[in-house]
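Just below is one structure, and these are the notes that go with it.
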There are 2 protein chains.
Amino acid sequence: MTRPVSRETVLDAAGALVRQHGPDALTMRRLAAELGTAVTSIYWHVGNRESLLDALVERTVADLGEIRPTGRTPAARVVSVARVLRRQLREHPHLIAMVHERGLTERMFMPAQRALVREVHAAGLRGARAARVVRAVQFQVVGHVLVERNRERAPAQRPGEEEPWGARTAERDPALARALAGPVDTERLFTASVKALVAGLLTP
Amino acid sequence: MTRPVSRETVLDAAGALVRQHGPDALTMRRLAAELGTAVTSIYWHVGNRESLLDALVERTVADLGEIRPTGRTPAARVVSVARVLRRQLREHPHLIAMVHERGLTERMFMPAQRALVREVHAAGLRGARAARVVRAVQFQVVGHVLVERNRERAPAQRPGEEEPWGARTAERDPALARALAGPVDTERLFTASVKALVAGLLTP
DNA sequence: ACCTGAACACCGTTCAAGT
DNA sequence: ACCTGAACACCGTTCAAGT
């Protein structure tokens, strides 16, 4: 009933497992069961769990593809690249964690980096200064997505400490207290932050 | 030779283990050995591994303490808060990962949030707009630190793909290619990014 | 109230043996 | 070249039994 086992079929099954049940569900024994084979044959094809995960991340990152900027000004086009990258990353929620754990952020950011370099050049920046802008946007985007994912997994913000910034502040600025206590519109926050960062970087 | 076991001594030993050898080294069996007790007594004191880690994170976060801003302008003072927070977090490298895994970013950010609210008020912002600035800085700082930690654990950037942004770009702007290929001065990048973000947020 | 050892159901990995 | 079962050294957790 199952295709003959190969490096490819192992990666496919592993990918499906991670997509559906998260990285923790990817145990060698479960994977073997899924493939209808002995645990040990997996080792023959992919070495061990560590390199299996490496290969999986590698593959998914390679599938991310190019990014086409939109917008008129270079600033707007940089922002568009950031937004596309964020969406791409959020389409592979488990991937983010895995890439993070293996320290492959750099590699994951490659396609976006190429697009950003073009736009920063178009904005008239060169050399080290241009590189700094690219790096700043990279850290911003990846960092934001990591924090977002983190908040989504968060255990429903511990109660018992509402208004932790002090009743005084809540009195003086109830609208702020309400805003900080409520949920975050991460999409809008992301766009606003990137716009502010890019504006600050391109026009000093 | 060992003090009588209690919830406190368990947390102390667990903390020492994490500080010295990382969170993975914290196994119930090793912890028991360290305490000179049976594995099962630990369960009596702290429930299970999950809540032990919860308690550990809770405790360390509580020890982070207040943040005193420095600088003349509100913008400068916001940047100073960001820098202090970054330093605090980097002093507890394992903590960051643990807080991240348990989704307690919010709680970890509490002291900094109080300081930021004061500064944003001083800058003349109120309500939802002020909240957005606080949140943007929060995401920026925590995200940046997460990416930094990630890069430090990274497996010495895979070789075989130097100049991945294309030889064309390297020709046109060799200084940029060199800058992007070389290591990152994360401290400077962080400061520059926060400054740009804050400038962009406070002056539109 | 606190501590214990034995046991259970899981891991990843190795290895010698098969075809 | 590929697959196998048995075995090893680890996990976290439960439980009945001790004092």
Side-chain angles (χ1 to χ4, degrees), chain A residues 1-59 94 97-104 153 155, chain B residues 1-59 94 97-104 153 155:
Chain A
M1 67 191 305
T2 40
R3 303 267 93 214
V5 182
S6 71
R7 189 182 160 82
E8 288 308 308
T9 58
V10 170
L11 285 179
D12 288 344
L17 222 41
V18 169
R19 251 190 311 282
Q20 290 166 34
H21 304 101
D24 286 348
L26 178 56
T27 76
M28 303 302 267
R29 283 175 161 86
R30 177 157 181 185
L31 182 54
E34 213 82 31
L35 286 162
T37 185
V39 201
T40 39
S41 13
I42 297 176
Y43 283 83
W44 197 91
H45 286 292
V46 297
N48 54 21
R49 186 170 188 270
E50 192 62 14
S51 47
L52 167 58
L53 287 175
D54 281 346
L56 210 55
V57 168
E58 203 82 30
R59 192 204 236 192
H94 297 309
M98 291 172 64
V99 167
H100 182 60
E101 277 159 22
R102 346 237 86 253
L104 294 181
R153 279 185 305 173
Chain B
M1 65 192 306
T2 40
R3 304 266 93 215
V5 182
S6 72
R7 187 182 162 83
E8 289 308 308
T9 57
V10 169
L11 285 179
D12 288 344
L17 222 42
V18 168
R19 251 190 311 282
Q20 290 166 33
H21 304 101
D24 286 349
L26 178 57
T27 76
M28 303 302 268
R29 282 175 162 85
R30 177 157 181 187
L31 182 54
E34 213 82 30
L35 286 162
T37 184
V39 202
T40 38
S41 14
I42 297 175
Y43 282 83
W44 197 92
H45 286 292
V46 296
N48 55 23
R49 185 169 189 271
E50 193 62 13
S51 47
L52 166 58
L53 287 176
D54 282 346
L56 211 55
V57 168
E58 203 83 29
R59 191 203 235 193
H94 297 309
M98 289 171 65
V99 167
H100 182 60
E101 277 159 21
R102 356 233 84 247
L104 293 181
R153 279 183 306 172

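Residue numbers start from 1 in every chain, and the chains themselves are labelled A, B, ... in the order their sequence lines are given, proteins ahead of strands.
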Asp12(A)/Arg59(A) under side-chain contact (heavy atoms from CB on, under 4.5 Å): CA gap, chis, key distance, verdict: CA-CA 10 Å; Asp12(A) 288 344; Arg59(A) 192 204 236 192; 2.9 Å; yes
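Computed from coordinates, the Arg49(A) CZ to dC10(D) C1' distance equals 15 Å when rounded to whole Å. In this structure, Leu31(B) places its CG atom 12 Å from P of dT13(D), rounding to the nearest Å. One interatomic measurement links the two molecules: CG of Leu35(A) to P of dT4(D), which rounds to 11 Å at whole-angstrom precision. Between Glu50(A) atom CD and dC11(C) atom P the separation is 17 Å, expressed in whole Å. The nearest whole Å value for the distance from the CZ atom in Arg7(B) to the C1' atom in dC3(C) is 18 Å. Between Leu17(A) atom CG and dC11(C) atom P the separation is 11 Å, expressed in whole Å. For the pair Asp24(A) CG and dC10(C) P, the interatomic distance rounds to 16 Å; values are reported in whole Å. Between Trp44(A) atom CH2 and dT13(C) atom C1' the separation is 18 Å, expressed in whole Å.
No donor-acceptor pair closer than 3.5 Å links the side chain of Asp54(B) to the backbone N or O of Val57(B).
Here His45(B) reaches the OP1 or OP2 of dC3(C): one of its side-chain N or O atoms lies under 4.0 Å away. In this model, the phosphate group of dT4(D) is approached by a side-chain N or O of Ser41(A) to a distance below 4.0 Å at OP1 or OP2. Distances shorter than 4.0 Å separate some side-chain N or O of Thr37(A) from OP1 or OP2 on dT4(D).
We find the CD1-CZ distance between Ile42(A) and Arg49(A) to be 11.5 Å, quoted to the nearest 0.5 Å. Rounding to the nearest 0.5 angstrom, the gap separating the CG atom in Leu26(B) from the CG atom in Leu53(B) is 5.5 Å.
When distances are taken from the side chain of Ala38(A) to each of dC3(D), dT4(D), dG12(C), the shortest belongs to dT4(D). Distances from the side chain of Tyr43(A) to the nucleotides dA1(D), dC2(C), dT13(C) place dT13(C) closest. Set against dC3(D), dG12(D), dG12(C), the side chain of Met28(A) has dG12(C) as its closest nucleotide.
Nucleotide dT19(D) forms a Watson-Crick or G-U wobble pair with dA1(C), both donor-acceptor distances falling under 3.5 Å. Across all strands shown, dG12(C) forms a Watson-Crick or G-U wobble pair, both distances under 3.5 Å, with dC8(D).
Considering all non-hydrogen atoms of both residues, Leu52(A) and Ala14(A) come closest at CD1-CB, 4.0 Å.
Between Thr27(B) and Arg29(A), it is Arg29(A) whose nearest contact on DNA chain D lies nearer the 5' terminus. Summary of the strand contacts: Thr40(A) and Thr40(B) both lie near DNA chain C, and taking for each the nucleotide with the nearest heavy atom, the more 5' one is attributed to Thr40(B).
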